Chemist: 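Please see the structure below; I have some questions.
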Amino acid sequence: MESVNGQGGGGTWPTGLDEAIRATAADIATTLRGASDTGAPVPGSRWTVGEAAAHLAQANELMAHLADGKERGYGDGTPQGLAEANQRALAAFAERRAEPLAAMIVEQADAFLRSAARPASHASHGELVTPMGPMSLEVLGSYLLTHMLGHGYDLARALGSPHMLDRARVELTLPFLTTAMPRVLDTSAAAGLTARYAIHLRGGACFGATFTDGAVTVTPRPPSRPDCTILTEPVAFLLMALGRLGPWSAVARGRVLTWGRKPWLAPRFPTLFSPP
């Protein structure tokens with residue numbers, strides 16, 4: 001995989017994305033089918049296991065519809081707007097049982113891949129309207145995977161099961177994450193910041209992020225003279241990006257290394273974004 005394959009809609013379907021989507025959906029289904037009580041709470045969330053699984057099933061269906069060229073309004077792209085849309089959707093969908101939801105998550109992931117494989121879907125490349133703004137079909141596939149990994153991780157924690165994140169799957173989230181970063185930037189947190197970051201995932205991909213007084217530009221290659229270089233274990237990177245792991249906790253566990261002229265900027269990086 002290239003540093004940021006398909007970032008911004010480069011038109012290349014990332015190698016291994018189909019397999020990662022199928023395998024992640026299957027892993028989540030296996031995790032769910034082992035649940036004795038879908039009313040159990042999800043750590044760090046107001047949702048129960050059943051609600052998180054229902055949200056995943058609905059989201060996979062939404063992504064499948066988008067890949068099929070269907071227009072679906074869903075929030076306004078802001079964290080608050082997406083949260084409100086999620087709650088409205090859950091209120092209108094009563095299923096909370098593990099088996100039906102597990103089956104739906106897998107079925108809708110497969111439906112997405114079938115739609116994405118059709119030539120007609122690629123003809124609309126770059127024109128898909130999604131809950132996180134316009135993006136290519138390739139980036140939408142990365143979005144689907146990212147979303148499943150985040151909530152799949154939550155379900156695994158809630159049910160005491162192994163999570164389904166690994167380096168290969170995390171790298172396939174980068175097309176979406178690097179596209180979404182400017183859209184989820186916390187402009188208040190980034191106000192006054194001028195800094196160039198080089199982000200490296202241990203053993204694999206890299207990208208750059210340059211901040212200039214409340215705005216960020218994400219590039220598929222790190223800047224030539226970064227102020228701060230961050231080397232992070234891939235799973236820790238995704239968990240920080242999705243708000244599941246704090247930067248200081250990751251540093252304390254040895255999952256992040258930093259260097260450069262301003263290494264103290266490293267823990268600030270994940271706090272500059274507001275993931276929905």
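Please read all numbers here as calculations on a predicted model, not as lab measurements.
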Chemist: How long is the straight-line distance from CG of Leu145 back to CG of Leu140, given to the nearest 0.5 Å?
Modeler: 11.5 Å
Chemist: Please identify each residue that fulfils side chain to side chain donor-acceptor pair (under 3.5 Å) with Arg261, with sequence neighbours left out.
Modeler: Asp227
Chemist: By ring pair (Phe, Tyr, Trp, His ring centres under 6.0 Å), which residues pair with Tyr143, not counting sequence neighbours?
Modeler: Phe176
Chemist: Between Arg196 and Arg225 (side chain of the first, backbone of the second, donor and acceptor by atom type, cut-off under 3.5 Å), is there such a pair?
Modeler: yes
Chemist: Atom CD in Glu71, atom CG in Leu128: separation rounded to 0.5 Å?
Modeler: 10.0 Å
Chemist: If you look at every heavy atom in Asp213 and Thr194, which pair is closest and at what distance?
Modeler: N-OG1, 4.3 Å
Chemist: Going from CZ on Arg97 to OG1 on Thr38, what distance comes out if it is rounded to the nearest 0.5 angstrom?
Modeler: 10.0 Å
Chemist: For Ala195 versus Leu193, what's the shortest heavy-atom pair and its separation?
Modeler: CB-CD1, 3.8 Å
Chemist: Please tell me if the side chains of Pro175 and Glu138 come closer than 4.5 Å, counting only heavy atoms from C-beta onward.
Modeler: no
Chemist: Which heavy atom in Ala198 sits nearest to a heavy atom in Pro222, and how many Å separate them?
Modeler: CB-CB, 3.5 Å
Chemist: Counting distance only, does the side-chain N/O of Gln58 pair as donor-acceptor with the main-chain N or O of Ala89 below 3.5 Å?
Modeler: yes
Chemist: Using the rule that two of Ile, Leu, Val, Met, Phe, Trp, Tyr join whenever any of their side-chain heavy atoms come within less than 4.5 Å, decide whether Leu149 and Trp47 are in one cluster.
Modeler: no
Chemist: Pairs under 3.5 angstrom only: tabulate donor-acceptor contacts from the side chains of residues 158-170 to other protein residues two or more places apart or in another chain.
Modeler:
{"unit_1": "His163", "atom_1": "ND1", "unit_2": "Leu165", "atom_2": "N", "d": "3.0"}
{"unit_1": "Asp166", "atom_1": "OD1", "unit_2": "Ala168", "atom_2": "N", "d": "3.3"}
{"unit_1": "Asp166", "atom_1": "OD1", "unit_2": "Arg169", "atom_2": "N", "d": "2.9"}
{"unit_1": "Arg167", "atom_1": "NH1", "unit_2": "Glu171", "atom_2": "OE2", "d": "3.0"}
{"unit_1": "Arg169", "atom_1": "NH1", "unit_2": "Thr24", "atom_2": "OG1", "d": "3.2"}
{"unit_1": "Arg169", "atom_1": "NH1", "unit_2": "Asp27", "atom_2": "OD2", "d": "2.9"}
{"unit_1": "Arg169", "atom_1": "NH1", "unit_2": "Met164", "atom_2": "O", "d": "3.0"}
{"unit_1": "Arg169", "atom_1": "NH2", "unit_2": "Asp27", "atom_2": "OD2", "d": "3.1"}

Chemist: If you look at every heavy atom in Pro263 and Pro267, which pair is closest and at what distance?
Modeler: O-CD, 4.2 Å
Chemist: Please confirm whether the backbone N or O of Ser274 pairs with a side-chain atom of Asp186, one donor and one acceptor, at under 3.5 Å?
Modeler: no
Chemist: Can you list, by chain and residue number, the hydrophobic cluster partners of Trp259 when the side-chain cut-off is 4.5 Å?
Modeler: Leu231, Leu257
Chemist: Please say yes or no: joined through hydrophobic side-chain contacts below 4.5 Å, possibly via intermediate residues, are Trp248 and Trp264 part of one cluster?
Modeler: no
Chemist: Is there a side-chain contact between Thr210 and Val216, using heavy atoms and a 4.5 Å cut-off?
Modeler: no
Chemist: Give the C-alpha distance, both sets of side-chain angles, the deciding distance and a yes or no for side-chain contact (heavy atoms from CB on, under 4.5 Å) between Leu90 and Arg96.
Modeler: CA-CA 10 Å; Leu90 279 175; Arg96 298 293 185 268; 4.0 Å; yes
Chemist: Test your reading of the model: is there a side-chain donor-acceptor pair from Arg157 to the backbone of Val42, 3.5 Å cut-off?
Modeler: no
Chemist: Hey, quick one: are Val106 and Leu32 part of the same hydrophobic cluster, counting side-chain heavy atoms closer than 4.5 Å, chains of contacts allowed?
Modeler: no
Chemist: Report the C-alpha separation of Thr229 and Thr258 in whole Å, then their side-chain angles, then the decisive distance to 0.1 Å, and conclude whether the side-chain contact (heavy atoms from CB on, under 4.5 Å) test is met.
Modeler: CA-CA 6 Å; Thr229 296; Thr258 65; over 6 Å; no
Chemist: What side-chain donor-acceptor pairs closer than 3.5 Å can you find for residues 234-244, not counting sequence neighbours?
Modeler:
{"unit_1": "Arg244", "atom_1": "NE", "unit_2": "Asp154", "atom_2": "OD1", "d": "3.1"}
{"unit_1": "Arg244", "atom_1": "NE", "unit_2": "Asp154", "atom_2": "OD2", "d": "3.4"}
{"unit_1": "Arg244", "atom_1": "NH1", "unit_2": "Leu242", "atom_2": "O", "d": "3.0"}
{"unit_1": "Arg244", "atom_1": "NH2", "unit_2": "Gly150", "atom_2": "O", "d": "3.4"}
{"unit_1": "Arg244", "atom_1": "NH2", "unit_2": "Asp154", "atom_2": "OD2", "d": "2.6"}

Chemist: I'd like to check Ile28 versus Met148 (side-chain heavy atoms, cut-off strictly below 4.5 Å). Are they in contact?
Modeler: yes
Chemist: Checking Ile21 against Leu113 for the side-chain contact (heavy atoms from CB on, under 4.5 Å) test, could you report, in this order, the C-alpha distance in whole Å, the side-chain angles of both residues, the deciding distance, and whether it holds?
Modeler: CA-CA 8 Å; Ile21 288 172; Leu113 291 172; 3.9 Å; yes
Chemist: Quick check for you: to the nearest 0.5 Å, what is the distance between Asp18 atom CG and Leu172 atom CG?
Modeler: 10.0 Å
Chemist: What are the two closest non-hydrogen atoms of Leu101 and Gly50, and how far apart are they?
Modeler: CD1-O, 3.7 Å
Chemist: Mark yes or no for whether Arg268, through its side chain, and Ala189, through its backbone, hold a donor-acceptor pair below 3.5 Å.
Modeler: yes
Chemist: May I ask you to test the Val139-Leu137 pair for a side-chain heavy-atom distance under 4.5 Å?
Modeler: no
Chemist: Test side-chain contact (heavy atoms from CB on, under 4.5 Å) on Thr219 and Phe207; report intermediate values, then the result.
Modeler: CA-CA 6 Å; Thr219 56; Phe207 64 93; 5.9 Å; no
Chemist: If I take atom CG from residue Leu66 and atom NZ from residue Lys70, how far apart are they, to the nearest 0.5 angstrom?
Modeler: 10.0 Å
Chemist: Might you point out which heavy atoms bring Ser142 and Leu17 nearest each other, and give the distance in Å?
Modeler: N-CD2, 4.0 Å
Chemist: For Gln80, does the CD atom sit with more than 12 other heavy atoms under 6.0 Å from it, leaving out its own atoms?
Modeler: no
Chemist: Is any side-chain heavy atom of His200 closer than 4.5 Å to a side-chain heavy atom of Ile230?
Modeler: no
Chemist: Once side chain to side chain donor-acceptor pair (under 3.5 Å) is applied, what residue pairs with a partner in residues 98-112 remain, sequence neighbours excluded?
Modeler: Arg33-Glu99
Chemist: For the CG atom of Leu245 and the CD atom of Glu233, what is their distance to the nearest 0.5 Å?
Modeler: 9.5 Å
Chemist: Ignoring hydrogens and geometry, is there a side-chain-to-backbone donor-acceptor pair from Glu51 to Thr48 under 3.5 Å?
Modeler: yes
Chemist: Contact between Leu144 and His147 at the side-chain level, heavy atoms closer than 4.5 Å - yes or no?
Modeler: no
Chemist: Could you tell me whether a side-chain N or O of Asn86 sits under 3.5 Å from a main-chain N or O of Leu82, the two making a donor and an acceptor?
Modeler: yes
Chemist: Aromatic ring centroids of Phe211 and Tyr197 under 6.0 Å?
Modeler: yes
